[in-house]
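For reference, the structure is listed below as structure tokens.
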Amino acid sequence: MNKTPFDNEYLVRLRQGDADTERHFVLHFSNAIRMSLRYRLRSWQLIDDIRQETFLRVLNFLRSDKSMDHPERLGAYVHSVSINVMMELLRASTRHPAMPDDAHHLVDRTMNPEGEVVTRERKDLVRNILEELPEKDRRILRAVFLEDVDKSEVCKRFDVNRDYLRVLVHRAKIRFREALDKSAKGERDQP
């Protein structure tokens, strides 16, 4: 007898929202996802969030117009989706630290004239380096980092999809770093 009943009929039942099949699907993969993630994460709540998001994405995929060519590989697909969801959540949580609840009451009461001069010099340096970049790179970096324009709006401005925007931003950042390194090297070479 086949240990995993994943075939085209099983996927059709999932696609149609068959309650028994969905129940089997969730029971079958819940423990596998938990076991896979428990060595990578310490928070059971986070693991449960990833598990739920994984099921949502897999079921949405199966119910879309897309098809799975190899139903017997459903387990590998679920596993890869859970790992991707975990990586997305970890990146999102490390990218921006949580703001304290009373952040709007916090005011920096210290005066730091030296820090203000350094900040002004850095702004001038960034502005100068941006001027050295090609026009497209300059516009992308300004929109994404300085103007904090929504990514969807930036995609419209440059007539690209989100994936290609990520490539354009990456390339522009590389060119910016190269110009920054060149500028820093030039300052070190000066007497």
Side-chain angles (χ1 to χ4, degrees), residues 1-101 103 136-137 140-141 143-145 147-177:
M1 183 173 166
N2 188 3
K3 284 180 77 174
T4 55
F6 308 127
D7 56 15
N8 282 327
E9 289 80 26
Y10 187 87
L11 295 182
V12 167
R13 289 193 307 270
L14 273 178
R15 191 172 278 128
Q16 293 172 345
D18 179 66
D20 290 335
T21 307
E22 285 181 355
R23 195 173 306 110
H24 174 269
F25 172 74
V26 170
L27 287 173
H28 182 82
F29 287 110
S30 285
N31 196 39
I33 292 172
R34 284 187 185 115
M35 296 299 284
S36 170
L37 298 178
R38 78 177 185 165
Y39 295 107
R40 294 176 171 102
L41 303 169
R42 292 187 178 156
S43 167
W44 286 106
Q45 180 62 43
L46 184 58
I47 291 171
D48 196 47
D49 290 348
I50 292 169
R51 183 183 63 84
Q52 290 178 23
E53 179 66 20
T54 299
F55 290 144
L56 178 69
R57 289 184 186 190
V58 170
L59 290 173
N60 282 341
F61 171 79
L62 292 174
R63 291 178 180 146
S64 70
D65 292 336
K66 301 169 187 153
S67 67
M68 184 172 269
D69 294 334
H70 301 280
E72 68 276 4
R73 296 182 187 166
L74 180 62
Y77 178 70
V78 170
H79 176 74
S80 66
V81 170
S82 71
I83 297 300
N84 287 339
V85 170
M86 176 192 69
M87 296 305 289
E88 287 175 17
L89 289 175
L90 291 177
R91 273 194 303 268
S93 68
T94 58
R95 192 175 295 158
H96 303 290
M99 293 287 290
D101 291 336
K136 187 173 186 180
D137 290 346
I140 286 175
L141 291 175
V144 172
F145 295 108
E147 298 170 5
D148 203 22
V149 177
D150 182 64
K151 299 270 192 303
S152 301
E153 175 61 30
V154 177
C155 288
K156 284 180 191 174
R157 283 186 193 177
F158 291 93
D159 193 29
V160 295
N161 64 28
R162 274 232 55 136
D163 291 331
Y164 193 62
L165 175 65
R166 201 170 332 180
V167 171
L168 292 175
V169 169
H170 177 73
R171 289 176 182 165
K173 284 169 54 177
I174 288 173
R175 290 184 192 105
F176 182 87
R177 280 190 204 108

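Residue numbers run from 1 in the order of the sequence given.
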Exercise for review: Give a yes or no on whether a salt bridge exists between Arg57 and Glu53, defined as a side-chain N under 4.0 angstrom from a carboxylate O.
Suggested key: yes

Exercise: identify the closest heavy-atom pair between [X] and [Y]:
{"X": "Phe176", "Y": "Leu141", "result": "CB-CD1, 4.0 Å"}
{"X": "Thr54", "Y": "Ser82", "result": "OG1-CA, 3.2 Å"}
{"X": "Arg38", "Y": "Ile47", "result": "CA-CD1, 3.7 Å"}
{"X": "His79", "Y": "Ser36", "result": "CE1-OG, 3.1 Å"}
{"X": "Pro71", "Y": "Phe6", "result": "O-CB, 3.3 Å"}

Nearest-0.5 Å distance, [atom1] of residue [X] to [atom2] of residue [Y]:
{"X": "Asn8", "Y": "Arg13", "atom1": "CG", "atom2": "CZ", "value": "11.0 Å"}
{"X": "Met86", "Y": "Arg91", "atom1": "CE", "atom2": "CZ", "value": "9.5 Å"}
{"X": "Phe61", "Y": "Leu11", "atom1": "CZ", "atom2": "CG", "value": "9.5 Å"}
{"X": "Phe158", "Y": "Glu153", "atom1": "CZ", "atom2": "CD", "value": "10.0 Å"}
{"X": "His170", "Y": "Arg175", "atom1": "NE2", "atom2": "CZ", "value": "10.0 Å"}

**Study point:** Candidate pair Lys173 and Asp137, rule salt bridge (Lys or Arg N to Asp or Glu O under 4.0 Å), full reasoning
**Key:** CA-CA 8 Å; Lys173 284 169 54 177; Asp137 290 346; over 6 Å; no

Point to revise | Chi angles and distances behind the side-chain contact (heavy atoms from CB on, under 4.5 Å) call for Leu41, Ser43 | key: CA-CA 6 Å; Leu41 303 169; Ser43 167; 5.6 Å; no

Practice item. Could you verify whether a donor N or O on one side chain and an acceptor N or O on the other, from Asp49 and Gln45, lie under 3.5 Å apart? Key: yes

Review point. What do the steps show when you test Val167 against Val160 for side-chain contact (heavy atoms from CB on, under 4.5 Å), and what is the final call?
Key: CA-CA 10 Å; Val167 171; Val160 295; over 6 Å; no

**Study point:** Backbone of Leu56 reached by a side-chain donor or acceptor of Asn60 within 3.5 Å
**Key:** yes

Point to revise | Leu168: which of Val154, Ile140, Val144 passes side-chain contact (heavy atoms from CB on, under 4.5 Å) | key: Ile140

Check your understanding: For atom CG of Asp163, is the number of surrounding heavy atoms from other residues, nucleotides or ligands below 6.0 Å larger than 12?
Key -> yes

Check your understanding: Are Leu90 and Arg40 close enough, and set up right, to give a side-chain contact (heavy atoms from CB on, under 4.5 Å), and what steps lead you there?
Key -> CA-CA 11 Å; Leu90 291 177; Arg40 294 176 171 102; over 6 Å; no

Review point. Does Arg73 reach the side chain of Met68, with side-chain heavy atoms less than 4.5 Å apart?
Key: no

Practice item. Report the relative orientation of the aromatic rings in His24 and Tyr10; use parallel for angles under 30°, tilted for 30 to 60°, perpendicular for over 60°. Key: perpendicular

Review point. Between Ile33 and Phe55, is a side-chain contact (heavy atoms from CB on, under 4.5 Å) present by the stated rule, with each step listed?
Key: CA-CA 10 Å; Ile33 292 172; Phe55 290 144; 3.9 Å; yes

